[in-house]
Amino acid sequence: MVTPFLTSGPAHAPKDSGLQSISGNSGLPLIGESLDIFHRPLEWANRRYERYGPVSWTNALGREMVVLLGPDAWDVPMANRNKQFASGPAWDYLIGPFFPRGLMLLDADEHLFHKRIMIQAFTKTRLAGYLDAMNPTIEQGVSSWIESDAFQCYPAIKQVTLDIATRTFMGAALGPQADRINRAFIDCVRAGTAYVRFPVPGLRWSRGLRARKVLEEMLRAQLPAKRRGSGDDLFTALCHAESEDGHSFTDDDVINHMIFLLMAAHDTTTITMTAMMDYLARSPEWQARCRAESVALGSSSVDFASQEQLTSLDLVMKESLRLLTPLPQMPRAALADTEVLGHFIPAGTQVMVNPQFIHYMPEYWPDPYRFDPGRFSPERREDKIHKHAWVPFGAGVHKCIGQYFGGMQVKAVMHQVLRQFEWSSEPGYKTPWDRTSLPSPKDGLRVKLTRLAS
């Protein structure tokens with residue numbers, strides 16, 4: 001088992017190794033640089049990169065870690081060609097009690113075993129079936145929006161994505177317990193960045209543990225029926241999925257994967273669509289361009305094939321993922337003494353890679369703070385300047401298994417929003433993003449929402 005690396009700064013490189021020791025600083029007593037990392041992440045990363053370069057050490061959330069900045073530093077732990085880094089021990093420290101044994105927390109043969117079974121739930125045939133099933137839910141949710149001069153996009157989108165996730169993944173709506181389940185997911189996610197990392201009543205860690213029990217009880221009550229059933233939902237698919245040699249998931253496996261996937265399926269897509277609505281509110285020309293393509297489709301909903309015709313919406317989605325990466329930092333743990341860009345990394349070291357910083361590096365992204373979906377057009381393809389220039393879904397064996405499901409869901413929802421509404425933000429409005437866990441707008445993202453004539 002990998003133990004946390006908790007000395008006063010990483011060890012010096014071994015004599016005659018030809019490797020460099022790592023420079024850095026620990027920040028404030030106890031909390032280290034946690035405040036800057038969570039409240040001013042880009043400013044913090046830029047300062048650190050200018051001072052120390054791509055490899056440095058710091059302290060955050062009571063733990064020393066090595067910070068890896070830039071696509072070349074990213075390549076070593078994420079591609080993990082020598083299998084010297086692990087995902088599980090690093091994520092376990094942050095979210096293990098709330099999302100135990102989720103796919104992201106497994107490694108090596110065990111990760112491959114679970115992924116091979118789970119991938120059966122994300123085939124093209126399955127995805128097409130999920131899309132057909134989610135379209136009525138999307139129409140019902142989006143049609144209920146009420147035009148307003150101060151419409152809050154984030155909670156409205158989050159309600160739609162939670163309804164999609166539960167109907168598509170579980171085969172039924174949550175009903176009266178929807179608000180309680182939504183709150184439980186929020187508490188589990190936010191608990192991972194708690195400063196006090198043991199159960200004190202009323203604080204984040206304790207709320208997260210209680211929320212986990214709520215989610216487990218909800219799913220475990222439904223599991224026997226899913227084992228017996230033959231529905232098209234993901235819950236049933238996981239209950240019946242088998243590997244090529246006949247292995248299947250235990251009840252605990254199914255529950256752990258369902259909780260993790262339900263969280264990922266509605267939280268990350270909510271963030272992406274909220275960012276898209278934010279940028280399109282301030283870019284009426286791109287909003288009009290996306291709407292024209294949706295109207296030209298000639299259908300109130302999209303099917304699996306027609307989503308490919310929404311090319312402008314795809315560009316906007318990719319640019320929004322660049323500017324606001326749902327998972328802005330990703331941890332790994334060193335399993336053995338190794339090196340990154342000539343720097344010595346001792347076994348047990350926690351490392352943190354930062355995809356959000358990569359997405360703002362001017363050497364790969366000209367004028368990086370500007371919303372410019374054309375970067376991803378066939379003529380420009382700025383994302384191909386470096387093989388790791390655009391990495392919102394991770395890389396290597398742990399690359400997001402739900403990438404295509406998420407993209408499909410985003411296009412399906414935004415297509416209906418564009419056909420039913422237009423929206424704008426007040427001049428000079430700047431979204432107040434809360435980045436203490438997964439990013440969310442503190443004010444819910446206020447826009448002027450107007451229903452279009454049918």
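Remember, predicted model here, so these are calculated numbers, not experimental data.
- Under 3.5 Å, the side chains of Asp107 and Ser87 contain no donor-acceptor pair of N or O atoms.
- Among residues two or more places apart in sequence or in another chain, the salt bridge (charged side-chain N to carboxylate O under 4.0 Å, His left out) test is passed with Arg291 by none.
- Using modelled atom types and a 3.5 Å distance limit, the side chains of Glu33 and Thr58 yield a donor-acceptor pair.
- Judged purely by atom type and a 3.5 angstrom limit, Asp36 has no side-chain atom pairing as donor or acceptor with the backbone of Trp44.
- Both the sub-6.0 Å distance and the 45° axial angle are satisfied by Arg197 relative to the ring of Tyr93.
- A distance-only check finds no donor-acceptor pair linking the side chain of Glu216 to the backbone of Ile255 [under 3.5 Å].
- In this structure, the side chain of Ser148 engages the main chain of Ala150 through a donor-acceptor pair within 3.5 Å.
- In this structure, Asp303 has no salt bridge (charged side-chain N to carboxylate O under 4.0 Å, His left out) partners at least two apart in sequence or on a different chain.
- Pairs of residues two or more places apart, or lying in two chains, that qualify as ring pair (Phe, Tyr, Trp, His ring centres under 6.0 Å) and include a residue from residues 161-189 are Phe169-Phe405, Phe185-His266.
- A donor-acceptor contact under 3.5 angstrom links the side chains of Glu293 and Thr311, judged on distance only.
- Note on ring orientation: taking the six-membered ring where Trp is involved, the planes of Trp365 and His359 are perpendicular (angle over 60°, cut-offs 30° and 60°).
- Here Trp145 and Phe151 bring their ring centres to under 6.0 angstrom of each other.
- Atom-to-atom distance recorded for Gln307:CD and Gln409:CD is 11.5 Å, nearest 0.5 angstrom.
- For Arg322 (side chain) and Pro368 (main-chain N/O), a donor-acceptor pair under 3.5 Å exists by modelled atom type.
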Derivation and outcome, salt bridge (Lys or Arg N to Asp or Glu O under 4.0 Å), residues Asp187 and Arg210: CA-CA 9 Å; Asp187 286 345; Arg210 186 170 61 250; 5.4 Å; no
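- Using modelled atom types, one finds a donor on one side chain and an acceptor on the other under 3.5 Å when comparing Asp434 with Thr436.
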